[in-house]
Engineer: 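Have a look at this one.
Numbers here are sequence positions counted from 1.
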Amino acid sequence: MHLDAQLKVRRGMFSYEWVKVQVLKFSASGMTIRTDEDLSAGSRATFSILLAMDFGDIRIDKIEAKVNGREKVCSCFDYPLDFVLGSSAVRREAIETSLRKIESLLSSYDSLLNKIRTGPLSGTP
């Protein structure tokens, strides 16, 4: 299971590029990313999110997020973001469902990894 996110970045008057960013934290309401791209606090950015799994992927092609600040880390910045869902009720509900599924699957996956790392429970055969 792997979470990928890409940021849509303007590269010219009429051209855009999708740039891969590192996801540090994720929840259904937002995420924290690390990138060397320059984003202004208070601005909005467009992302594509993909949770790749062996049994099927969950993809959100375009979702807006509000940049809540930034912290310099070496040559990159960490940006806490809040997702901004559109006004279309159908699209909003579909995106919210996908975000909740991604959050739930990542949480379950992290719990499983933690159980594996800590080993078997004491007292069990």
Engineer: Could you please spell out the steps behind the side-chain contact (heavy atoms from CB on, under 4.5 Å) verdict for I33 and F47?
Structural biologist: CA-CA 11 Å; I33 63 162; F47 292 88; 3.7 Å; yes
Engineer: Checking side-chain contact (heavy atoms from CB on, under 4.5 Å) for the pair L81/N68: CA distance, chi angles, key distance, verdict?
Structural biologist: CA-CA 6 Å; L81 308 165; N68 291 323; 5.6 Å; no
Engineer: Search all heavy atoms of S48 against all heavy atoms of W18 and return the closest pair with its distance.
Structural biologist: N-CZ3, 3.6 Å
Engineer: How close do A28 and L99 get, heavy atom to heavy atom, and via which atoms?
Structural biologist: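 In this case the closest contact between A28 and L99 is O-CD1, 3.4 Å.
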Engineer: Taking all non-hydrogen atoms of both residues, which atom of R70 and which atom of L39 are closest, and how far apart?
Structural biologist: NH1-O, 3.7 Å
Engineer: A quick test of your reading: do over 12 heavy atoms of other residues, nucleotides or ligands sit less than 6.0 Å from NZ of K62?
Structural biologist: no
Engineer: Going from OH on Y79 to CG on L24, what distance comes out if it is rounded to the nearest 0.5 angstrom?
Structural biologist: 12.5 Å
Engineer: Would you compute the distance between atom CG of D110 and atom NZ of K115 and round it to the nearest 0.5 angstrom?
Structural biologist: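 D110 CG to K115 NZ: 12.5 Å, rounded to 0.5 Å.
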Engineer: Please determine if E37 and R11 form a salt bridge, counting it only when a charged side-chain N lies under 4.0 Å from a carboxylate O.
Structural biologist: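 Between R11 and E37 there is a salt bridge, with a charged N closer than 4.0 Å to a carboxylate O.
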Engineer: If two hydrophobic side chains count as joined below 4.5 Å and joins carry through other members, does M1 share a cluster with M31?
Structural biologist: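 Linked within one cluster.
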Engineer: Please confirm whether the backbone N or O of Q22 pairs with a side-chain atom of K20, one donor and one acceptor, at under 3.5 Å?
Structural biologist: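 No, because the side chain of K20 does not come within donor-acceptor range (under 3.5 Å) of the backbone of Q22.
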Engineer: If you count the non-hydrogen atoms of other residues, nucleotides and ligands that lie under 6.0 Å from CZ in F77, is the total more than 12?
Structural biologist: yes
Engineer: Whether the side chain of S104 engages the backbone of R100 through a donor-acceptor N/O pair (distance < 3.5 Å, no angle test) should be reported.
Structural biologist: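 Looks like no, no N/O pair under 3.5 Å.
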Engineer: Share the residues that join F14 in a hydrophobic cluster, the rule being Ile, Leu, Val, Met, Phe, Trp or Tyr side chains under 4.5 Å apart at the heavy-atom level.
Structural biologist: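 Once heavy-atom contacts under 4.5 Å are chained together, F14 belongs with M13.
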Engineer: Is there a path of hydrophobic side-chain contacts, each under 4.5 Å between heavy atoms, that joins I63 and I58?
Structural biologist: yes
Engineer: Should I60 and V23 be regarded as members of a common hydrophobic cluster, given that ILVMFWY residues are connected when their side-chain heavy atoms come within less than 4.5 Å of each other, either directly or indirectly?
Structural biologist: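 Yes, because I60 and V23 connect within a single hydrophobic cluster, where side-chain heavy atoms sit under 4.5 Å apart.
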Engineer: Minimum heavy-atom separation for G69 to P80, with atom names?
Structural biologist: O-CD, 3.4 Å
Engineer: Taking all non-hydrogen atoms of both residues into account, name the closest pair between F26 and E103 and its distance.
Structural biologist: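 In terms of heavy atoms, the two residues are closest at CE2-N, 3.9 Å.
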Engineer: Let me see the working for D4 and Q6 under side-chain contact (heavy atoms from CB on, under 4.5 Å), right down to the final yes or no.
Structural biologist: CA-CA 7 Å; D4 287 318; Q6 293 183 323; 6.0 Å; no
Engineer: Apply side-chain contact (heavy atoms from CB on, under 4.5 Å) to residues V67 and S43 and explain how you reach the verdict.
Structural biologist: CA-CA 6 Å; V67 180; S43 67; 3.7 Å; yes
Engineer: How far does CG of L106 sit from OG of S111, to the nearest 0.5 angstrom?
Structural biologist: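 OG of S111 is found 11.0 Å from CG of L106.
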Engineer: Closest heavy-atom contact between A52 and D57?
Structural biologist: CA-OD1, 3.3 Å
Engineer: May I ask you to check whether over 12 heavy atoms, not counting those of E96, lie within 6.0 Å of atom CD?
Structural biologist: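 Counting other residues, nucleotides and ligands, CD of E96 exceeds 12 neighbours.
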